[in-house]
*Asks:* 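Dropping the structure in here first, questions after.
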4 protein chains.
Amino acid sequence: MKLAMIGLGKMGGNMATRLIQKGISVVGFDRSAEVVKTLEEKAKMIGATSVADALTKLDGQKIVWLMVPAGNPTAEQINELIPMLNKGDIIIDGGNSNYKDSQRIGKFLEEKGIGFMDCGTSGGVWGLANGYCLMVGAKEEVAATMKPILQALAHEDRGWAHVGPVGSGHFTKMIHNGIEYGMMESFAEGLELLKGKSEFKLDLAQITELWKHGSVVRSWLLDLTADALKEDQTLDEVAPYVADSGEGRWTVVESIEQGIPTPVLTLALQVRFRSQEKQGYGYRLLSVMRNAFGGHVVKKTK
Amino acid sequence: MKLAMIGLGKMGGNMATRLIQKGISVVGFDRSAEVVKTLEEKAKMIGATSVADALTKLDGQKIVWLMVPAGNPTAEQINELIPMLNKGDIIIDGGNSNYKDSQRIGKFLEEKGIGFMDCGTSGGVWGLANGYCLMVGAKEEVAATMKPILQALAHEDRGWAHVGPVGSGHFTKMIHNGIEYGMMESFAEGLELLKGKSEFKLDLAQITELWKHGSVVRSWLLDLTADALKEDQTLDEVAPYVADSGEGRWTVVESIEQGIPTPVLTLALQVRFRSQEKQGYGYRLLSVMRNAFGGHVVKKTK
Amino acid sequence: MKLAMIGLGKMGGNMATRLIQKGISVVGFDRSAEVVKTLEEKAKMIGATSVADALTKLDGQKIVWLMVPAGNPTAEQINELIPMLNKGDIIIDGGNSNYKDSQRIGKFLEEKGIGFMDCGTSGGVWGLANGYCLMVGAKEEVAATMKPILQALAHEDRGWAHVGPVGSGHFTKMIHNGIEYGMMESFAEGLELLKGKSEFKLDLAQITELWKHGSVVRSWLLDLTADALKEDQTLDEVAPYVADSGEGRWTVVESIEQGIPTPVLTLALQVRFRSQEKQGYGYRLLSVMRNAFGGHVVKKTK
Amino acid sequence: MKLAMIGLGKMGGNMATRLIQKGISVVGFDRSAEVVKTLEEKAKMIGATSVADALTKLDGQKIVWLMVPAGNPTAEQINELIPMLNKGDIIIDGGNSNYKDSQRIGKFLEEKGIGFMDCGTSGGVWGLANGYCLMVGAKEEVAATMKPILQALAHEDRGWAHVGPVGSGHFTKMIHNGIEYGMMESFAEGLELLKGKSEFKLDLAQITELWKHGSVVRSWLLDLTADALKEDQTLDEVAPYVADSGEGRWTVVESIEQGIPTPVLTLALQVRFRSQEKQGYGYRLLSVMRNAFGGHVVKKTK
């Protein structure tokens with residue numbers, strides 16, 4: 001089996017490599033010729049010099065897997081692809097797209113007779129070695145065609161499932177990430193309290209390692225956290241800044257659209273916003289208000 | 001009528017002054033002789049050189065109003081007072097004490113025949129001119145004795161009420177402050193969003209002034225905020241740091257004890273904690289976790 | 001001065017009445033002929049039998065004020081109006097539209113030479129007697145034309161302001177309502193804690209009345225709450241169900257788009273979702289999980 | 001090695017059984033003679049008819065492990081034990097006590113020459129088969145004495161650690177449970193959103209099973225959830241009611257005492273409060289306020 005992989009970044013490059021290791025031929029293209037060359041050498045990937053070139057290197061039913069940034073880059077890549085594809089060919093969006101975009105694109109491609117699969121991909125940098133967890137939204141026949149490729153990528157043959165129609169793969173991945181935010185924040189808050197209790201001089205590396213064995217909170221995130229804390233638990237060199245990506249935000253928007261309360265997923269997101277904040281205008285306002293009614297001293301910036 | 005006022009800080013000094021203006025004699029003591037002197041001169045207060053001295057300047061039934069910091073200072077002051085008082089005398093705690101302390105102290109004094117009133121006092125620095133809002137917890141006869149004093153302090157004769165038994169005054173004030181935290185944070189969040197929408201170049205002084213007239217959010221806190229923003233809406237010189245005092249914390253503990261969810265009052269408090277935070281250990285942990293599973297770049301402190 | 005008012009519901013009807021009382025001629029139309037007739041009789045409104053009929057009853061520059069439900073009804077009404085209007089005529093959307101819709105509509109109308117003003121309207125059912133608080137987004141010349149009308153509607157001449165370009169009126173109103181949600185929830189939580197402290201047997205009508213006089217939380221919402229509690233503080237006949245409208249939701253979406261944390265405004269919204277919830281699927285899941293790891297008893301629905 | 005186990009409920013009974021299976025002699029007492037008898041028969045436990053009887057069946061240095069409810073029952077049990085113990089004997093509190101109680105009790109016993117160990121015990125009903133995760137607070141020599149017992153109880157020899165001085169075991173367990181609340185709520189919220197998206201007809205059993213394989217959210221709680229959903233994902237028979245125990249509440253109190261924001265752990269707790277709520281007084285108030293300012297219809301209870 002053979003497919004084209006467009007976008008060979010951290011995720012795409014690893015996925016191409018894993019597919020090849022599992023016996024799937026991969027024609028790969030990335031805007032960086034350097035990246036293409038490296039994968040040709042290290043992973044026996046068939047390199048391409050352009051998207052068009054990649055497609056010429058496929059035979060029969062063309063399968064094109066996109067691992068490009070969500071939003072406009074994905075939409076533009078799909079627009080570029082359409083004239084090069086025939087009825088029955090398949091595009092897979094394996095990136096972190098908004099499920100509403102995937103629904104729209106799926107419908108648009110369906111009208112042109114092109115199959116579409118949205119594939120939420122979890123597993124991070126560990127996916128190459130361990131296999132990925134793949135949440136697939138597609139029509140029955142598209143998913144059936146893709147089965148060998150999904151099995152090759154998946155964690156132990158079981159890390160994939162066809163969860164529903166087009167859009168549902170990215171939807172499920174979105175919620176997965178929302179949960180991930182909540183779990184991460186749960187650990188972060190708990191560990192900060194452990195550290196804050198200075199009288200006990202707790203060793204956070206010891207405790208997170210301990211919890212891996214038989215506790216209710218054992219989890220892969222805990223495994224990773226324990227490993228990180230073993231190396232350094234002061235975290236003095238780590239800036240107190242946490243990025244966020246689309247799925248966390250979209251999960252909260254979804255909860256608003258559904259009218260379902262999700263305080264924990266929402267606050268886990270807002271904590272990240274807080275870490276990104278420069279100005280603290282709200283804080284300043286509160287300080288001024290306290291002064292205005294109670295005469296409380298306003299701390300000055302200088 | 002005559003009473004001793006112990007503690008002549010921002011609140012106590014103003015209250016002594018207002019009482020005198022309303023025809024109540026006040027014997028005042030403060031650890032700062034300077035403060036006592038100023039009030040003697042400016043407010044015709046009868047100065048005292050010690051608590052004992054203050055008591056000797058009272059006649060008959062002694063009424064001692066405490067405006068000292070909550071917790072140990074209040075407890076110690078009461079312990080110091082007891083041997084100087086007789087059955088039927090009255091102590092008023094007008095500070096921001098925890099209501100459980102007030103309940104305990106009230107019971108302790110009752111056994112000694114000394115009356116006790118806990119008085120939650122709202123109104124801030126504006127109380128001198130406008131009168132205070134006084135939430136009174138006491139036995140019926142104690143509250144009756146105190147009526148002329150409460151009326152003198154209160155906003156337009158109506159800013160006081162005997163809300164229940166000993167402890168209930170400080171309890172009511174605690175909840176009042178919890179609500180205050182929530183209202184302040186509501187304004188701070190909304191105004192930060194207004195400011196954040198830079199394309200509209202909104203004038204926050206104009207909008208807060210506007211809202212004072214006929215809007216649903218009109219309130220005293222809005223009046224003060226509008227005044228402050230008129231002077232400066234950049235707030236560049238105000239540090240993004242918000243102090244908190246006991247009542248906000250106790251309100252959340254109360255909600256936990258009652259098992260009643262108070263997400264807004266709780267988060268309004270936690271936002272202040274966040275502003276006080278130096279380390280951001282939780283943020284650092286999240287950043288490290290993201291790196292551990294997804295290979296996301298960790299921002300460094302340097 | 002003369003204008004057409006389309007939509008004579010709770011808000012539109014009162015606004016038409018107030019305008020007429022202040023000397024502005026109002027031609028009014030509503031889908032309910034009954035409503036039109038009532039306002040003809042009670043308020044001396046000039047009734048119309050259709051939108052087209054209303055427009056024929058205007059002279060010169062036509063001013064059409066819409067008070068119809070946000071979203072599709074407003075958009076459809078504007079589409080119906082366009083062919084009946086000339087360059088220089090003005091449409092005002094005084095409803096609770098999303099500011100992005102207003103921006104889009106404003107641009108669309110501008111291309112046709114029709115002026116547009118988005119007017120966020122606060123004041124509720126009290127606006128008829130007290131005047132409204134009006135947040136206006138419009139071009140300078142449109143706002144200038146509308147000034148006499150805005151002054152007639154506004155609370156004491158000061159309850160209106162031209163806050164910025166088209167869209168900014170509804171944006172400001174959206175944030176206003178977000179703050180309103182936070183303030184309401186602050187009171188609801190605090191009062192629930194007061195009530196929950198049964199040992200003190202607190203009288204919530206007394207306490208809310210008290211707080212109106214000199215406290216930091218005094219506000220119009222408190223005034224209304226105190227009045228309501230005076231009539232009945234058991235609230236036994238009130239269902240524990242709180243509706244929400246678009247602005248609260250949009251405020252949270254705005255905070256996500258700006259990346260600014262608004263925990264209090266968000267939770268105030270989610271509390272309402274919670275009250276609307278039927279199923280409690282999340283609760284059930286938690287109960288099942290507790291059973292799964294700890295053997296804790298699952299309460300059955302029976 | 002030999003010890004007495006007092007309290008043979010769900011946790012104590014399983015722990016006694018596991019110890020015996022691992023070659024430790026256990027003298028067990030429970031208020032229910034029935035329970036004692038069953039364990040005598042099934043687990044070869046040495047039954048006792050009273051605490052005093054249990055102690056007579058120990059030799060030399062007496063080790064008494066308590067698995068009784070936290071708070072007064074534990075304190076009373078310890079008071080009952082003291083006269084029966086000698087210097088150098090050891091009491092272990094393996095229950096879910098508040099760490100401050102443990103610190104106080106540890107100090108009190110130390111003055112009497114009796115060793116004390118507080119042992120936070122995680123693992124639930126699965127601990128018998130899998131071994132427990134034990135968080136131990138004790139003096140060095142007490143922990144050393146207890147090592148063989150801890151190893152017998154622990155998950156694969158690694159599920160125990162001496163984390164710090166007396167109190168730190170229960171402190172660490174308290175935080176563990178706080179994190180557990182946050183993780184559980186994260187899953188509950190995410191799964192409720194999956195279910196709420198009815199157009200996708202998602203199979204929650206399939207998705208939770210999928211996530212077990214290679215996803216970022218894989219965890220023991222997910223394993224248990226997937227198993228439960230396989231049996232029934234409607235949860236129609238499960239009441240929407242979630243109990244909470246002390247540790248979740250104490251974690252929030254700790255965050256307030258430390259002044260560290262823990263929005264996620266706090267909201268996870270408050271969601272449980274919400275599920276327990278009968279009255280919804282806060283909701284009713286909000287509904288009344290909306291009516292008061294906006295004339296919005298109040299839903300009646302009927």
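All chains are named by letter (A, B, ...) in the order of the sequence lines, taking the proteins before the strands, and each is independently numbered beginning at 1.
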*Asks:* If you count every heavy atom of other residues, nucleotides or ligands that lies below 6.0 Å from Lys10(D) atom NZ, does the total exceed 12?
*Replies:* yes
*Asks:* Quick one: of Leu222(D), Leu267(D), Val163(D), who has the most non-hydrogen atom pairs under 4.5 Å with chain A?
*Replies:* Val163(D)
*Asks:* In terms of heavy-atom pairs under 4.5 Å, which option from Trp160(A), Tyr132(A), Trp126(A), Phe171(A) contacts chain D the most?
*Replies:* Phe171(A)
*Asks:* Which residue out of Gly159(D), Gly164(D), Gly178(D), Pro261(D) racks up the most heavy-atom pairs below 4.5 Å with chain A?
*Replies:* Gly159(D)
*Asks:* Counting only non-hydrogen atoms closer than 4.5 Å, does Lys173(D) touch chain A with its backbone (N, CA, C, O), its side chain (CB onward), both, or neither?
*Replies:* neither
*Asks:* If I measure from the heavy atoms of chain D, does Val166(A) come under 4.5 Å with its side chain, its backbone, both, or neither?
*Replies:* backbone
*Asks:* Does CH2 in Trp220(A) sit with more than 12 non-hydrogen atoms of other residues, nucleotides or ligands closer than 6.0 Å?
*Replies:* yes
*Asks:* Could you check which of His213(A), Glu185(A), Arg158(A) has the highest count of heavy-atom pairs closer than 4.5 Å to chain D?
*Replies:* His213(A)
*Asks:* Taking Ser255(A), Gly131(A), Gly214(A) one by one, which has the highest count of heavy-atom pairs under 4.5 Å against chain D?
*Replies:* Gly214(A)
*Asks:* List the steps and the verdict of salt bridge (charged side-chain N to carboxylate O under 4.0 Å, His left out) for Glu209(A) and Lys212(A).
*Replies:* CA-CA 5 Å; Glu209(A) 177 60 34; Lys212(A) 288 167 59 179; 3.2 Å; yes
*Asks:* Considering only heavy atoms and a distance below 4.5 Å, find which of Ala188(D), Gly190(D), Ser215(D), Gly196(D) pairs most often with chain A.
*Replies:* Ser215(D)
*Asks:* So which residue, Ala268(A), Ser186(A), Ala161(A), ends up with the most heavy-atom pairs under 4.5 Å with chain D?
*Replies:* Ser186(A)
*Asks:* Out of Lys197(A), Glu199(A), Glu257(A), Gln270(A), which one racks up the most heavy-atom pairs below 4.5 Å with chain D?
*Replies:* Lys197(A)
*Asks:* So which of Met183(D), Glu180(D), Arg218(D) has the biggest tally of heavy-atom pairs under 4.5 Å with chain A?
*Replies:* Arg218(D)
*Asks:* What's the verdict on side chain to side chain donor-acceptor pair (under 3.5 Å) for His170(A) and Ser102(A), showing C-alpha distance, side-chain angles and the deciding distance?
*Replies:* CA-CA 8 Å; His170(A) 281 145; Ser102(A) 301; 2.6 Å; yes
*Asks:* Hey, is NZ on Lys147(A) packed in by over 12 heavy atoms from elsewhere, all under 6.0 Å?
*Replies:* no
*Asks:* What do you reckon, is NZ of Lys107(D) surrounded by more than 12 foreign heavy atoms closer than 6.0 Å?
*Replies:* no
*Asks:* Quick one: does Ser245(A)'s side chain get under 4.5 Å of Tyr181(A)'s, heavy atoms only?
*Replies:* yes
*Asks:* Tell me if a side-chain donor or acceptor on Ser275(D) pairs with a main-chain N or O of Arg272(D) at a distance below 3.5 Å.
*Replies:* yes
*Asks:* Non-hydrogen atoms of chain D under 4.5 Å away: do they reach the side chain of Gln258(A), the backbone, both or neither?
*Replies:* side chain
*Asks:* Would you please say whether a donor-acceptor pair under 3.5 Å links the side chains of Glu254(A) and Tyr99(A)?
*Replies:* yes
*Asks:* With chain A, which of Met135(D), Lys201(D), Met184(D) has the greatest number of heavy-atom pairs at distances under 4.5 Å?
*Replies:* Met135(D)
*Asks:* If you look at every heavy atom in Ile207(A) and Leu202(A), which pair is closest and at what distance?
*Replies:* CD1-CB, 3.9 Å
*Asks:* Determine the option with the most heavy-atom pairs under 4.5 angstrom with chain A, choosing from Leu221(D), Thr121(D), Val271(D), Asn130(D).
*Replies:* Leu221(D)
*Asks:* So which of Val217(A), Ile175(A), Ile260(A) has the largest heavy-atom pair count under 4.5 angstrom toward chain D?
*Replies:* Val217(A)
*Asks:* Given that the side chain runs from C-beta out, which part of Phe200(A) has a heavy atom under 4.5 Å from chain D: side chain, backbone, both or neither?
*Replies:* both
